[in-house]
Structure formats: C-alpha cells, structure tokens
Amino acid sequence: MAEKISLNKRVWTVVKEIPSGKVSTYKIVAEKLGTTAYRAVGSALNKNRCQEVPCHRAVNSSGKIGGFVYGSKNKKKLLQKEGIQFDGDKIYEFSKVLYKFK
DNA sequence: GCTTTGACTCTCG
DNA sequence: TCGAGAGCCAAAG
C-alpha cells in the first residue's frame, strides 16, 4: 500500500519499535525505511521534537548520543536507567544493545 | 520552486 | 588509531 506519510513519521514507527534497554542507529533506521538519508532521519526527529517517540534511543553509528532536546547528559542518565551502559560519552556494549528491527 | 541547513556516515590523511 | 573533510537525502524557509 502506498504510504503517503512523510519520512519522519516512518522514523517514529521504527524508533518506537525499539524496546526499553535497547538502542538503534540513524543508519539502521534509514536503511529500514529504504533510504540513505541518515541525516534526514535525525533531522526529522528533531523537527518533530520527539513528540511521542523515544528519540533518546536513536544514536549515531559511533555509539554516541550526538545531541538531543533533553540534553546529551540528561539522556545518558536516562538510557542508563533503561538498562543501557555508557562508556564515557559512548554506549558500552553498543552492539549488544543495538536493535536491528528484526 | 529553489536554496540552505541538518540529532549523520564514509573515506582519506 | 585518531582527526578532518566531502557527500547524500529530505524537510523547512
């Protein structure tokens, strides 16, 4: 069926599929959407202000937070409460908490 | 309708 | 191994 919704809305759907204690990267999300616009994914979330989307579970491929509306520090603590471990400014065991949307 | 910006990624040095 | 620069796609102005 034809999805008339914008790409950003597709991002929410994918990001919202991420369970607690797991994270995903913009690249994977973009690939799941069938596009290579990695930047568009992040930008879409930012422009939508993460209304109902756990945008804090979306990080870059480096395992870093990048920048969020809540603040990188605040989110780091938030993710830690979710069960995500951090190594400095990066996610610890990133591959293990990486959700591939199977 | 065209131009600029952007929460990124990849390759080269 | 770490750092800097160029590139690609989409949305907003």
Side-chain angles (χ1 to χ4, degrees):
Chain A
M1 44 191 180
E3 304 99 86
K4 302 171 187 173
I5 55 179
S6 300
L7 187 146
N8 74 51
K9 200 159 189 180
R10 298 185 185 185
V11 176
W12 309 342
T13 307
V14 179
V15 174
K16 285 194 290 189
E17 291 295 297
I18 305 173
S20 181
K22 292 277 183 173
V23 294
S24 184
T25 67
Y26 298 112
K27 187 191 174 188
I28 294 178
V29 176
E31 293 278 294
K32 241 79 252 177
L33 299 175
T35 183
T36 54
Y38 315 119
R39 304 168 37 164
V41 177
S43 278
L45 287 168
N46 181 32
K47 284 161 187 180
N48 280 269
R49 297 183 181 177
C50 318
Q51 297 175 41
E52 298 295 314
V53 187
C55 49
H56 57 267
R57 289 181 192 156
V59 296
N60 61 11
S61 60
S62 302
K64 275 190 168 182
I65 304 296
F68 287 85
V69 289
Y70 308 106
S72 54
K73 287 185 177 179
N74 189 3
K75 189 160 8 34
K76 185 163 69 172
K77 289 184 66 176
L78 187 65
L79 286 170
Q80 285 180 15
K81 290 181 68 175
E82 300 249 320
I84 308 293
Q85 295 183 274
F86 273 80
D87 176 38
D89 294 334
K90 303 189 192 74
I91 297 178
Y92 182 70
E93 300 279 88
F94 181 57
S95 302
K96 295 192 177 187
V97 296
L98 223 182
Y99 189 69
K100 297 179 181 177
F101 302 100
K102 54 183 163 92

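Computed from heavy atoms alone, side chains included, the values below leave out hydrogens, waters and symmetry copies. Letters A, B, ... are given to chains in the order of the sequence lines, protein chains preceding strands, and every chain is numbered from 1.
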Using a cut-off of under 3.5 Å, enumerate the N/O to N/O pairs linking the protein to nucleotides 11-13 of chain C.
| unit_1 | atom_1 | unit_2 | atom_2 | d |
| --- | --- | --- | --- | --- |
| dA11(C) | OP1 | L7(A) | N | 3.2 |

Can you give me the N/O atom pairs linking the protein to nucleotides 9-13 of chain B at distances under 3.5 Å, or say none if there are none?
| unit_1 | atom_1 | unit_2 | atom_2 | d |
| --- | --- | --- | --- | --- |
| dT9(B) | OP1 | S61(A) | N | 2.6 |
| dT9(B) | OP1 | S61(A) | OG | 3.3 |
| dT9(B) | OP2 | S61(A) | N | 3.1 |
| dT9(B) | OP2 | S61(A) | OG | 3.4 |
| dT9(B) | O5' | S61(A) | OG | 3.4 |
| dC10(B) | OP1 | K27(A) | NZ | 2.9 |

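Here the side chain of Y26(A) pairs a donor or acceptor atom with the backbone of A58(A) at under 3.5 angstrom. No side-chain donor-acceptor contact under 3.5 Å links T35(A) to the backbone of E31(A).
When all heavy atoms are compared, the tightest approach of I18(A) to S24(A) is CD1-CB, 3.5 Å.
Of the candidates dC8(B), dC9(C), dA7(B), the closest approach to any side-chain atom of R39(A) belongs to dC8(B).
Within the 4.5 Å cutoff, the side chain of L98(A) has heavy atoms near those of the I28(A) side chain.
I65(A) and L78(A) sit in two unconnected hydrophobic clusters of ILVMFWY residues. Membership requires side-chain heavy atoms under 4.5 Å apart, directly or through other members. The hydrophobic clustering, which links ILVMFWY residues whose side-chain heavy atoms are closer than 4.5 Å, places V97(A) and V29(A) together. Under the 4.5 Å side-chain contact rule for hydrophobic residues, V14(A) and V11(A) share a cluster.
Counting to the nearest Å, the P atom of dC8(C) and the CD atom of E31(A) are 15 Å from each other.
Under the side chain to side chain donor-acceptor pair (under 3.5 Å) criterion, the residue pairs touching residues 79-95 of chain A are S20(A)-E82(A), R57(A)-E82(A), E93(A)-K96(A), with sequence neighbours excluded.
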